[in-house]
Amino acid sequence: MEEGRISSSQLTLLVISFLFGTSLLLSPGRGAGQDSWLATLLGLGEGFIFALLNLALYNRFSGQSLVEINELVWGPIIGKFFSAAFLWYLFHLGSSGFAIFVTLLKTAIFMVTPEYILLVTGLITCIYTCKQGIEVISRMNEVLLFSTLFLFAFSLFLMLNIFEPKNLLPVLDLPVKKLLWVAHGTATFPFGQIIALAMVWPFLNETEQYRKSLFKGLIVAGIILILGEIRTGAVLGKISGFYVFPTYEAYRMINIAGVLTRLELIPVLNFLTMGFIKASILLYATSLGTAQMLKLRTYRPLVFPLGVLMIILAAQNYANISQHLEFTENIHPLYALPFQVILPLITLLMALIRGFPKQEVSK
Amino acid sequence: MIFLVVLGFGLMIFLEMPELIQKKYYRELVVFCILTLIGLILSILLTLGVELPYLDPLIKKAITGIGKLFY
Amino acid sequence: MIKVKFKKQKLFLRVIELGIIILILLLLSGCWDRRELENLAIVSGLGIDDPEQGEGYQLSFQIVKPAEVRAPGSSSGESGSGSSGSSGSKTVWLLRSKGTTVFDAIRNAHFQSNRRIFLSHNQVVIIGKKVAEEGILPVVDVLIRDPEPRLQQWLLIAQQQAGEILKLQAGVEKISANAIAELMENYYLTSKIKATNLHDFADGLVKKSTSNTLPIIGIKEENGEKSFILEETGILKEDRLVGYLDKKETRGLLWVLGKVKSGIIVVDLPDNKGKVSLEIMNAKSKVIPEVEDGKIKIKVEITEEANLGGETSFEDFSSPEALSRLEKLQAKVIEEEIKAALNKAKTYQLDIFGFGESIHRKDHKLWNAIEENWGEIFSQMEVEMKVKAVIRRMGLITKPTIISQNK
Amino acid sequence: MFRFLLRKIRLGKLKKNSSSVSDTNKFRRNLEENLELFQEELGDSPDIIIRRFNLNIKNRIKAAIIFIDGLMDSKVVYDSILYPLMIEAKKENWVVEESILDFIENNLLTVGSVEKDNDFTGLVESVLEGDTILLLDGYTEALILSTKGWEKRSISEPDTEVTIKGPREGYTESIRTNTAMIRRKLAHPGLTFENKKIGKKTRTSVSIAYLKGVVNEKLVEEVRRRLQRIDTDMILDANYIIELIEDSPFSPFPTVAYTERPDVTVAKILEGRVAILVDGTPVVNTVPTLFIESFQSPDDYNYHFLYATLIRWFRYLAFFFNILLAAFFVALSTFHQELIPTPLLISMAAATDGTPFPAVVEVVVMEVVFEILREAGIRLPRPIGQTISIVGALVIGQATVAAGLVGAPTVIIIALTAISSFVVPTQEEAGILLRLTLTIFAGILGAYGILLGILVVLTHLSSLRSFGVPYLSPIVPLSVEDLKDVVVRAPIWAMKTRPRLIGWPKPIRQEFNLGPELPEKPTEDRDDQGKI
């Protein structure tokens, strides 16, 4: 079904870009104001626990995707149910990625252009990449991620003159309960979402390296996200909590001698490239998972219709931005839990009970 | 507008179907057709201006409903 | 192999077809957000006033005429006086429009302007005094919310009508709004103006602990020629103009905020011996909140470095002792400036220094307790000042020339 | 239907013809009959010369040589063939032990390469290639005497790849000269040429060259296989071969590199590549080809490495200018004016004030005009070509701006783009295509359109392969070690290894600590293992 193989460093980079995806712009710890970096740090810790749980399952079935594992552990019927739930999550994640991407473009740059144009053009590019397989996605990712990191570092440098560490004080301004909730939010978005890569792990050419590259990716992405939060907080101060896209606003503050100003195209570019990778991975994972679930021989014909469904859903995700903000802040941390942790955990327990795996020797 | 949508879907079918038939991937063909049909119906409904429910509020309702069950 | 090749070619054909689809889509869709350069009215300055009659706001847009600005022949001299007050200079077009809200008024400008009002390159927002007294937030909200205007626009208050100021020609500059913006950017030459941009203003509004201040711009008439001039600094209670700081007090404020970069300190020598001008080279400030048995005390430490710039007396400052005497006098002047600003702020019960914020940063629990009546606490609070002023250099001569001649 | 029948008939005829040729393959013993056969096959063109003469060894034997005038080296034919056979042979009293044919071959002919053959088609072919064949009465075999030698262009400086400090010799149209030039630079027994005749009618000789021990055998096999597949009438130029063996024929990016310079070819062969030489073409192709090869100029290695690195970076910059500058200009001036610094915006607005067309149309039209001008300049004789460029510059540059048809910034951008496009000549064809499409995309969706375009191009590039090697390597997939000749031009002593994906069978080029050393230090004996 997929002939391509990726190397462990490519997987690391994929993990990083996947985590960057939408969170590079829609900062996950937004609700915590200037403490967002702290929330992200805590969320990273929780995300690690999620990752460990998922890896505990994957360790027993090395070389198989989550859909195949479900089938093995639960048998064809219940397994399909589990897989369907997982695929639904991926699908929804992809569509909400598209949705937020359009929201940003519509609020910041293209105010008049109709949504469907932005969606369809973006989708066609994604489909083209997806059809080329995981190898091409990960190669694209190398180029895009390095350019993103370069732009990130460059803009960090440009913001040095408006960087005020004072703005980050006082630490722990808001109640601990709220902070923990936001931290949990960052654990489910973006860190917990790497479960989507459970569809990609099997294509590693050095099969034993996935754990290392996953953790490496988590740490690097976590550090950069935290750096970003610190930067945004220090540049914008308390007002950062008022903006829908604080990072975007931070870039708008750049002013070097009146020449390098208004570099807000940079965060949009970062967001679009990383979001493109995330959307491609999700579309790829959904199509591949569906094909595996239904025992098809190729996933390629599914990419097109699933992509179209994804953008239809993206248009039907939320009626307005406040619905979405409420969803990400209050609902998503709960909604994501079953897909990210609970279902894999139950599968793991079941596998333990049934004594899986039977043929392969688990590590 | 509907014309455009149908045109788009037509192109999609035109691009995907021949290869599947040529290779005799009938199982894949069925799945492809079902998914395409769903997409076509949904997008026609949307272009006709039928108000479909939004997803985020639905999930919110479901989650709060489950929450109420426990309390 | 031939078969494989065939498949590849087909795949590529598909790619071409995909490209065609994208192109068709794009072409069909047209270009909604496209705006040609020649159809833009580039606004360089925005004035917001109360209308003479009726509800709402009256906006004045200073719109750049690019061709006039760039054309070498356009002399600002012939119409540059602006004294006629009718059309301003040739290089800009002053457009006025009314509306019930600011956004409404911006759109209403299109009753007159065929070109799209483009606010991205706006440099200054000048708010009429009347509007400022009623409240600035309803006016600037649209400027913060909309993605088009920048957050680095300077915010000023006009002594009377904002529109009048935008009408005026600025000395050498062809676009007067640019000149005002540069006045703000070069505030450090005197350090007697507190330049505030939209972001600072919004940030100040969010922090309940700090009150905003905005510079005030007025009109100066000389020999029948009008020009704008920076006057005092306005103190805002939340978003309403309630008080003023004069220039000395403004520098007192800047001392505490640590924003003094340069400027001249004039020291009166005792016994009316004359005046000494000292040029500030470097200044730092430190605000340390302290709590002593339930009472909040603020300690302000200021370190300043200056050069001897000039004197009107015949005093000889070349000896270390004389210089240290001068240093003390200088410290006293600085202290006085700060005290003046402090007293003014205390009478309004408005913390313009950000003392509250420093308490908040140090101990946010304490802050939460006193946040409600901070104004009152502030007005009765003890502020301890510690000014350390040094003089490093005294220019190219050591003594007044007259003395060296005598010797 | 009718056409189909016609084609069938024609095919049938063709088959008959070819079979008839193989029937007459057999030689007769009679010289005159043989000569008649040749005459029949070669026709009686005036350039085909059959020289009959008598051979006086032991007794008189009738003999003849056949050659084509102009293709043979007349000095060789007269001095080494005709003179010994007709004059020298008479002088001595020979004791002949073997057959006369062998005797002549061993004692009389002073030609370099002599071959015995009895295959008629083979003989005809060698005549057509410029060899001379010697026929004796009473023998069913003939001698092929290598007398090739025709008028050819002498070695001159290549026109397209000019270097300042490097060697000045470039390939010629003669494949033998070219192989000699390669051999002279790479005097290692591992250097192998494999010859092949391609083209049913043109019988063009195509040669592949590689270095045994360095090259990946699978790669050579793949090149052979692809060349084997070719079944066409004519190969007139190297590009005929390239288009038939390319990995993805629809891609605008060149997946087969070419060069006019033997030093470049040798360097590439030493990295483990395979060179394809085609007779009649003064360029040599090398595979596999990477994207970054377009940015490596031969002069890079003749200059100090720091300077070379800097220049290489400028080349990358120029490529980006070439592709993106016009598109960015359109996107900025029609969608994202807020990103332009205010004074620049005012200047631009002043310059475009009153121009009748949108920026996209301006840019695209100017680009097309520029391409037309360039094409005209290349095709015309050189003096007129220069006139064209002057007229173009004056008319297009000055007059349109003065007439207010096009803004001055557009002209500046197009000029910059045009100049940049000459910096990376091998990517020029792809450059034009990308530039135009991206400009149109930018005109429709601004920076978002450009981004989408770039994403599609990147996807295409990262899925491209050239003879099994990813086209974008070593950048993607990343191999840090190989960036020594991509991101920088590392000093020669630091280029320790061959490109990982190409030269992997024998990766080590030299010892690492080969950097210049102080003279006092005793230099260790380095074995020659890595060097080839």
Side-chain angles (χ1 to χ4, degrees), chain A residues 4-7 9-10 13 101-102 104-105 108-110 112-113 117-118 120-133 135-147 205 252 255-266 268-273 275-277 279-280, chain D residues 248 251 291-292 316 320 324 327-328 331-332 334-346 437 440-465 468-481 483 486-487 500-501:
Chain A
R5 287 288 175 271
I6 57 174
S7 69
S9 58
Q10 278 178 328
L13 299 181
F101 149 92
V102 166
L104 170 81
L105 282 182
I109 303 174
F110 299 102
V112 201
T113 314
I117 288 296
L118 301 172
V120 169
T121 45
L123 176 74
I124 289 173
T125 341
C126 270
I127 287 174
Y128 175 50
T129 311
C130 276
K131 285 206 164 191
Q132 310 276 334
E135 234 177 47
V136 170
I137 295 178
S138 51
R139 278 192 211 154
M140 285 278 289
N141 176 46
E142 283 182 42
V143 183
L144 297 181
L145 182 63
F146 280 116
S147 61
N205 54 10
R252 288 182 70 188
N255 185 2
I256 306 283
V259 179
L260 283 173
T261 50
R262 307 249 1 194
L263 295 177
E264 61 243 40
L265 214 55
I266 292 182
V268 177
L269 212 66
N270 287 349
F271 173 66
L272 289 186
T273 47
F276 166 78
I277 291 291
S280 298
Chain D
S248 53
S251 173
F291 184 61
I292 43 110
Y316 293 135
F320 279 104
L324 286 175
F328 260 112
L332 281 182
T334 49
F335 283 89
H336 315 288
Q337 288 97 347
E338 65 268 17
L339 301 182
I340 310 172
T342 315
L344 182 61
L345 179 76
I346 291 172
T437 25
I440 292 169
F441 272 40
I444 295 162
L445 272 179
Y448 180 55
I450 299 180
L451 183 72
L452 289 182
I454 290 178
L455 286 178
V456 169
V457 171
L458 264 183
T459 311
H460 171 64
L461 275 175
S462 38
S463 65
L464 259 187
R465 275 168 184 274
V469 177
Y471 192 51
L472 278 187
S473 86
I475 308 165
V476 174
L478 185 69
S479 107
V480 179
E481 209 172 64
L483 293 183
V486 176
V487 178
R500 198 169 57 100
L501 283 170

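Heavy atoms only: backbone and side chains are in, while hydrogens, waters and symmetry mates are out. Proteins come first, then strands; the chains are lettered A, B, ... in the order of their sequence lines, and each starts at number 1. Here the structure is a predicted model, which is why all the values come from computation and not from measurement.
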Search all heavy atoms of [X] against all heavy atoms of [Y] and return the closest pair with its distance.
X: A/Leu265; Y: D/Ala447; answer: CD2-CB, 3.9 Å
X: A/Gln132; Y: D/Ser463; answer: OE1-CB, 3.2 Å
X: D/Ser462; Y: A/Val136; answer: OG-CG1, 3.8 Å
X: A/Glu142; Y: D/Val476; answer: OE1-CA, 3.9 Å

Most contacts with chain D, counted as non-hydrogen pairs under 4.5 angstrom, among A/Leu105, A/Leu118, A/Leu272: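 The option with the most such pairs is A/Leu118.
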Leading residue by heavy atom contact count with chain D [cutoff under 4.5 Å; candidates A/Thr129, A/Thr273, A/Leu263, A/Ile109]: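 If we count pairs closer than 4.5 Å to chain D, A/Thr129 comes out on top.
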Among D/Leu344, D/Ile454, D/Leu478, D/Thr459, residue most engaged with chain A (heavy-atom pairs, under 4.5 Å):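 Between D/Leu344, D/Ile454, D/Leu478, D/Thr459, the count favours D/Thr459.
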Heavy-atom pairs under 4.5 Å with chain A, option from D/Leu455, D/Leu472, D/Ile475 with the top count: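 Looking at each option in turn, the highest pair count goes to D/Leu455.
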Working to the nearest 0.5 angstrom, can you tell me the gap between D/His460 NE2 and A/Met140 CE?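 Between atom NE2 of D/His460 and atom CE of A/Met140 there are 12.5 Å.
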Using the test ring-ring contact (aromatic ring centres under 6.0 Å, His included), find all partners of A/Phe276 that sit at least two apart in sequence or belong to another chain.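 By the ring-ring contact (aromatic ring centres under 6.0 Å, His included) rule, A/Phe276 matches no residue at all.
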Residue pair A/Thr113 / D/Tyr448, side-chain heavy-atom distance below 4.5 Å: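 No; the side chains remain at least 4.5 Å from each other.
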Using heavy-atom distances under 4.5 Å, tell me whether D/Leu451 contacts chain A through its side chain, its backbone, both, or neither.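 Only the side chain of D/Leu451 comes within 4.5 Å of chain A.
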Does any heavy atom of chain D fall under 4.5 Å from the side chain of A/Leu144, the backbone, both, or neither of them?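 When you check distances to chain D, only side chain atoms of A/Leu144 fall under 4.5 Å.
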